[in-house]
Amino acid sequence: MKKHNFSAGPCILPQEVLKKASEAIINFNNDDLSLIEISHRSKPFVAVMEKARSLALELLGLEGKGYKALFLQGGASLEFLMVAHNLLNKKAAYLNTGTWSDKAIKEAKAFGEMVEVSSSKDKGYSYIPKGFSIPGDADYFHCTSNNTVAGTQLKEFPETNVPLVCDMSSDIFSRQLDFEKFDLIYAGAQKNMGPAGTTLVIIKEDILGKVERHIPSMLNYQIHLDKDSMFNTPSVFAVYVSMLTLQWLKDLGGIPFIEEVNNKKAKLLYNEIDRNPLFKGIVAKEDRSIMNATFVLTDESLKETFDKMWAEAGISGLNGHRSVGGYRASMYNALPLYSVQALVDVMQELENKVSK
Ligand SMILES: *Cc1c(COP(=O)(O)O)cnc(C)c1O
């Protein structure tokens, strides 16, 4: 049986998607050629790219609303730079809620004035700051919807008149949001969509064209839009697998369906973390992430025993990020409820063992 995969990223993908993807590596489209040995400008691949782009907009409810989707390379990390390169004229406002926000801020600083509206860095990013204000003359406001490393998540997004930019790498397509509030959304594929190697960027076209600097072609959103996400050779395999995952999600019932499953999984695990005296959470309860649950043992001396027990139960990828320690259970869209149940069972077994 396949392992219960709690990896934070790259991470679990639907089994049926992996099967179709592996078939396409050998024989794509019944053309007796591999997906990765045909031209990206061939009809079958152009159709894949177009389908992936339209499924992304459709699932987010953004079709026909002035948005376009791109599948770029360079990961979410390159978007830290591209966002600023394309949108920052004089001043940008950023909310610092985690390791990834911090990196985005570092990249953007080179392009203009940086206003960090609030930060939870002083407390190890264990909560989401609230009640901050965003300068009305900022070129845009940037936030991270889900903090993959710390395990916190923005439940609400600020009302603001400035363009709203969001790094949704680790919770895109996991919950319903009013996506029309956002002017630019980006997400590396490898957390909830596909293999590493492509990044989904959703842009409201009217926010572009407002900076004066020269933008190198590969970093220029407008050029990628004009070329229908084919300015250069895209990551054909990563885009194909992303397309399959988006189709899988659509067939299941889209974001409303998966959100319900995700809430069930998170509830099951957090209930156990709160109930079981051997475990405790490490972030503010109201800010807990539905995707990445972080927790620690209340008695560190049980680490070896617990680590052995979960590994023997077929659980994988549970170690916390090296900067945080403890445990992190990443419960992305493709992780089934029974995998979370398997983890909860092991947590209860540990409790039984200790109380004997
Ligand atoms: C993983 C992650 C990134 C970095 O993604 P890369 O594709 O490795 O550059 C950025 N932001 C968030 C929220 C992430 O989870």
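Both ligands and their constituent atoms are indexed starting at 1 by order of listing. Note that these values count all heavy atoms, side chains included, but never hydrogens, waters or copies made by symmetry.
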- Message: Please confirm whether the ring centroid of Phe45 lies under 6.0 Å from the ring centroid of His40.
- Response: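 For Phe45 and His40, the ring centres are not under 6.0 Å apart.
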
- ring-ring contact (aromatic ring centres under 6.0 Å, His included) with Phe28: which residues, sequence neighbours excluded?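 Testing Phe28 for ring-ring contact (aromatic ring centres under 6.0 Å, His included), a comparison that skips the adjacent residues, returns Tyr240.
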
Could you check ligand 1 for N or O atoms lying under 3.5 Å from protein N or O atoms and list the pairs with distances?
unit_1: ligand 1; atom_1: 7 (O); unit_2: Ala76; atom_2: N; d: 3.1
unit_1: ligand 1; atom_1: 7 (O); unit_2: Gln190; atom_2: NE2; d: 2.9
unit_1: ligand 1; atom_1: 8 (O); unit_2: Gln190; atom_2: NE2; d: 3.4
unit_1: ligand 1; atom_1: 9 (O); unit_2: Ala76; atom_2: N; d: 3.2
unit_1: ligand 1; atom_1: 9 (O); unit_2: Ser77; atom_2: N; d: 2.8
unit_1: ligand 1; atom_1: 9 (O); unit_2: Ser77; atom_2: OG; d: 2.6
unit_1: ligand 1; atom_1: 11 (N); unit_2: Asp167; atom_2: OD2; d: 2.6
unit_1: ligand 1; atom_1: 15 (O); unit_2: Thr148; atom_2: OG1; d: 2.5
unit_1: ligand 1; atom_1: 15 (O); unit_2: Lys191; atom_2: NZ; d: 2.6

- Message: Tell me if a side-chain donor or acceptor on Asn27 pairs with a main-chain N or O of Asp32 at a distance below 3.5 Å.
- Response: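 Checked: pair present.
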
- Query: Okay, side chain of Tyr67, backbone of Glu180: is any donor-acceptor separation there less than 3.5 Å?
  - Reply: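 Looks like yes, one N/O pair under 3.5 Å.
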
- Task: Would you check if there is a donor-acceptor pair between the side chains of Asn146 and Ser289 at a distance under 3.5 Å?
- Result: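 Their side chains do contain a donor-acceptor pair, which is all the 3.5 Å distance test asks for.
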
- Assess whether side chain to side chain donor-acceptor pair (under 3.5 Å) is satisfied between Ser235 and Thr198, documenting all intermediate values. CA-CA 6 Å; Ser235 278; Thr198 192; 5.4 Å; no

